[in-house]
Amino acid sequence: MADSNNQTELSALRHSLAHIMANATQHLWPRAKFGVGPVVEHGFYYDVDIPGVSLSNEDFERIEAEMKKIIATDEPFERFTMPIAEAIKWATDNDQPYKAELLNDLQRAGTTVAKDLDAGELGLPAGDGSKVSEVSFYRNGDFTDLCRGPHVESTGKVGAFKLMRVSGAYWRGNEKNAQMQRIYGVAFSTPKELRQHLDMLEEAKKRDHRKLGQELDLFLFSDLVGSGLPLFTPRGTVLREELGKFTQELRHKTGFQRVWTPVIAKTDLYKASGHWDKFGDELFLVKSQETSDEFVLRPMNCPHHVQIYASQPRSYRDLPLKFMENAGDYRDEKTGELHGLSRVRSFTQDDSHAFVAENQIKEVATALVHASQEMYEVFDMELKFRLSFRDSGPGYLGDPKLWDKAQAQIEELAKENNLDYYIEEGEAAFYGPKIDFMATDAIGRQWQVATVQLDFVQPERFGLEYTDESGGKQQPVMIHCALLGSLERFLSVYIEHVGGRFPVWLAPEQVRIITVNQEEKTLDFARKLSERADKLGLRVSVDNDNESVGKKIRSSEVWKVPYTIVIGDKEIESNEVTPRIRGDMVVNQDAKTYTTDEFLQTVANESKMRVTKTSF
RNA sequence: GCCGAAGUAGCUCAGUGGUAGAGCAUCGCCAUGGUAAGGCGGGGGUCACGAGUUCAAUCCUCGUCUUCGGCUCCA
């Protein structure tokens, strides 16, 4: 497999660069103490602790220059082994306390314990519980490091790299530990690949939804409202509402009914659901000034929907019973974790809950998978499906037999529908298995966008039941599903996916009418055209500014308006227009002329069809 | 929450221990314009907020808030 060979080579190269970077760092700051230096996606990092020194971006040049010197020597990487006791002595003698700590753990437990740090990446033998007697080292030139390898042959064979940033990172990922400085770099086999990667990052920067959100006047944050609490402008609200309608239409087709529930609930609801214990510190608390009741701003909607299910006796004839709600939720996320629209404290889930009998799981989940496929086809994003199952570990609630049955149904549906799927054991929620939807965006990044989750636990905690055919009581299974996930998070992904160039059905402004001059008859014609468009449900504006046509065209382009039409004497006489079509939508390059009726009707149809290309 | 950096006009940014400037945007006037920037002029700032040092603070110091890059977390 050429691919996996490349992968091995690439990670040897990146790992070797981590050593070279540590080596260079040691040359520049002899007192540097080293943590771990693993390979990561696109590159590598090394965690260092340099007493009294705070690295800045300017230091990169020095480190890079030093690395280049080491690369130029083309010293071989030599592997050798040492008994573990000796290795500990080596670490202590060389004033490398972090390495010593790793080695001590290794000696004691046969593993470096820290679950979140993969032993292999640390360059240590994988911990399998057995005692480790010997560890391997790699040496290049004057630098020696505890390491499992493999490495490239010599320091000259490390491809193309660039140091990217320095940031804080806790020793062994634990915030109670010392904070180290993480120097992060990217590396590829060839300069060309490095270039491509850097270009991708450039492109990602241009598409940053926070930047586009401001430029296209979609949403904003206010210091007075608070951090992580986005406000949506008229333009941004169009996106929210169109997406909200779309996701509900898709589920309406499979029998979901809209419900409405309040955004606050008594703490008792969340104590009953179990969320209070598990996520209490992320709940916003609300107090009544009149009664002693304590409330929380809801962080999720399932317990609310459960109450509707539980409000009356249910029969097997009622199942599956399906509720949906585009619901506002609030979570008190830590301030440092907030990020644009992708991590906020107030968000909207296109949430739905189906209450089903055991043998209906497959049918209901299949319908939801089909809905997701229809949705992401419209978004022009490829979907992969991750079946997240339980592993043999503890901590899963619910009847194991039910788990088995449910997982079997899920896998069956994946096969029957030819889904591009993979199974990941250990990724299930504690309350049930799930299907996670992974979407790939226009520049190749993968995002988890939505999930279908089975839940065996809440029906039990809330004592949900239905009467079966023989009059007995049964417990339903709950299926949670959000197709967009969080509307805000989806928007952050989607804005970047399309780079702010929304298809007609979503575009906040679909048609802009530009006047050539400011004569009354020109403005009059433009206004009448605009009124007709409005009657067809189109979002249209007239630009009658006292500016040159060229400047007004430019403005329409900058705002990424799908259709721009210019109105002058020619159009008024012929009642025809020549739409200027936004570049990404064009199939046929030739500008053509249409009667105003044809034009308006075609745009109105496209808008309803949710297409991405123009039909002109 | 933690480490680091930053906050000057609506936006992007320059600048100074003696209360500020550019480009774009906005507004007005002129040009009657034809598919990515026509010309001229005007308005607009508690220099994030609060305290301190100083004759004097946007600038120096401290605190707060917010943002950014990461860490950690994400039902």
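Letters A, B, ... mirror the listed sequences (proteins, then strands); counts begin at 1.
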| message | Could you check whether Phe34(A) and Tyr46(A) have their ring centres less than 6.0 Å apart? | response | yes
Item to complete: For the residue pair Phe323(A) and His305(A), categorise the inter-ring angle as parallel (less than 30°), tilted (30 to 60°) or perpendicular (more than 60°).
Response: perpendicular
Among the nucleotides G38(B), U67(B), U35(B), whichever has the atom closest to the side chain of Val549(A) is U35(B)
**Item:** Whole-angstrom distance between A36(B) and C40(B), as gauged at atom C1'
**Value:** 23 Å
Atom NZ of Lys551(A) and atom P of A37(B) are separated, to the nearest Å, by 10 Å
- Message: Can you confirm whether or not the ring centre of Phe355(A) sits under 6.0 Å from the ring centre of Tyr309(A)?
- Response: yes
With the side chain defined as heavy atoms from C-beta on, Asp223(A) is closest, among A37(B), U66(B), C11(B), to U66(B)
The nucleotide from A75(B), A37(B), G34(B) with an atom nearest the side chain of Asp569(A) is G34(B)
If pairing means Watson-Crick or G-U wobble with both distances under 3.5 Å, then the partner of C24(B) is G10(B)
* To do: Return yes if the base of C73(B) and the side-chain atoms of Arg343(A) contain a donor-acceptor N/O pair under 3.5 Å, otherwise no.
  => yes
When rounded to whole Å, the NE2 to C1' distance for the pair His339(A) and U66(B) reads 16 Å
Under a 3.5 Å limit on both distances, the Watson-Crick or wobble mate of G4(B) is C68(B)
Query raised in the report: Side chains of Ser388(A) and Glu424(A): donor-acceptor distance under 3.5 Å anywhere?
Result: no
- Just checking, is any N or O donor in the side chain of Thr593(A) or Thr578(A) under 3.5 Å from an acceptor N or O on the other one? yes
Quick note, Ser227(A) side chain, CB onward, closest among U35(B), A75(B), U67(B) is U67(B)
Confirm from the modelled atom types if Glu571(A) and G34(B) form a donor-acceptor pair under 3.5 Å, side chain to base only. yes
Q) Do the side-chain N and O atoms of Gln458(A) and Ser273(A) include a donor-acceptor pair separated by under 3.5 angstrom? A) no
- Query: If only side-chain N and O atoms of Lys211(A) are considered, is one of them under 4.0 Å from the OP1 or OP2 phosphate oxygen of C68(B)?
  - Reply: no
If only side-chain N and O atoms of Arg512(A) are considered, is one of them under 4.0 Å from the OP1 or OP2 phosphate oxygen of U35(B)? no
Roughly how far apart, to the nearest Å, are G23(B) and C55(B) at atom P?
-> 39 Å
Closest to the side chain of Lys570(A), out of A36(B), A75(B), G34(B), is G34(B)
Whole-Å distance, Gln181(A) CD to C71(B) P, equals 15 Å
**Q.** P gap between G15(B) and U8(B), integer Å
**A.** 14 Å
Check the phosphate of G34(B) against Arg580(A), side-chain N and O only, distance under 4.0 Å to OP1 or OP2. Yes or no? no
Gly336(A) near the nucleic acid: base, sugar-phosphate alone, or nothing, with a heavy-atom cut-off under 4.0 Å? base
In whole angstroms, the gap separating P of U35(B) from CG of Asn517(A) amounts to 14 Å
Check your understanding: Charged N to carboxylate O under 4.0 angstrom, Arg251(A) versus Asp350(A)?
Key -> yes
U35(B) -> Watson-Crick or G-U wobble partner, both distances under 3.5 Å, gives none
Checking A75(B), U12(B), A36(B) against the side chain of Arg554(A) (C-beta onward), the nearest is A36(B)
| P atom, C74(B) versus C60(B): distance in rounded Å? | 40 Å
Checking G34(B), U32(B), U66(B) against the side chain of Val516(A) (C-beta onward), the nearest is G34(B)
From CG of Leu220(A) across to P of U67(B) the rounded distance in Å is 12 Å
- Message: With a cut-off of less than 4.0 Å, is there a side-chain N or O of Arg331(A) near OP1 or OP2 of C74(B)?
- Response: no
Arg182(A) atom CZ is separated from C71(B) atom C1', nearest whole Å, by 7 Å
When both distances are under 3.5 Å in a Watson-Crick or G-U wobble arrangement, the nucleotide paired with C62(B) is G50(B)
Of Pro299(A) and Gly226(A), the one whose nearest nucleotide on RNA chain B sits closer to the 5' end is Gly226(A)
Separation of G10(B) atom P from Phe221(A) atom CZ, nearest Å, is 20 Å
Identify whether the distance between the nearest side-chain nitrogen and carboxylate oxygen of Glu557(A) and Arg580(A) falls below 4.0 Å. yes
With centres under 5.5 Å and planes under 30°, do Phe279(A) and A75(B) count as stacked? yes
With the side chain defined as heavy atoms from C-beta on, Glu337(A) is closest, among C71(B), A25(B), U32(B), to C71(B)
Asp545(A) atom CG is separated from C29(B) atom P, nearest whole Å, by 13 Å
base_contact_polar (A75(B) base, Gln453(A) side chain, donor-acceptor, <3.5 Å) = no
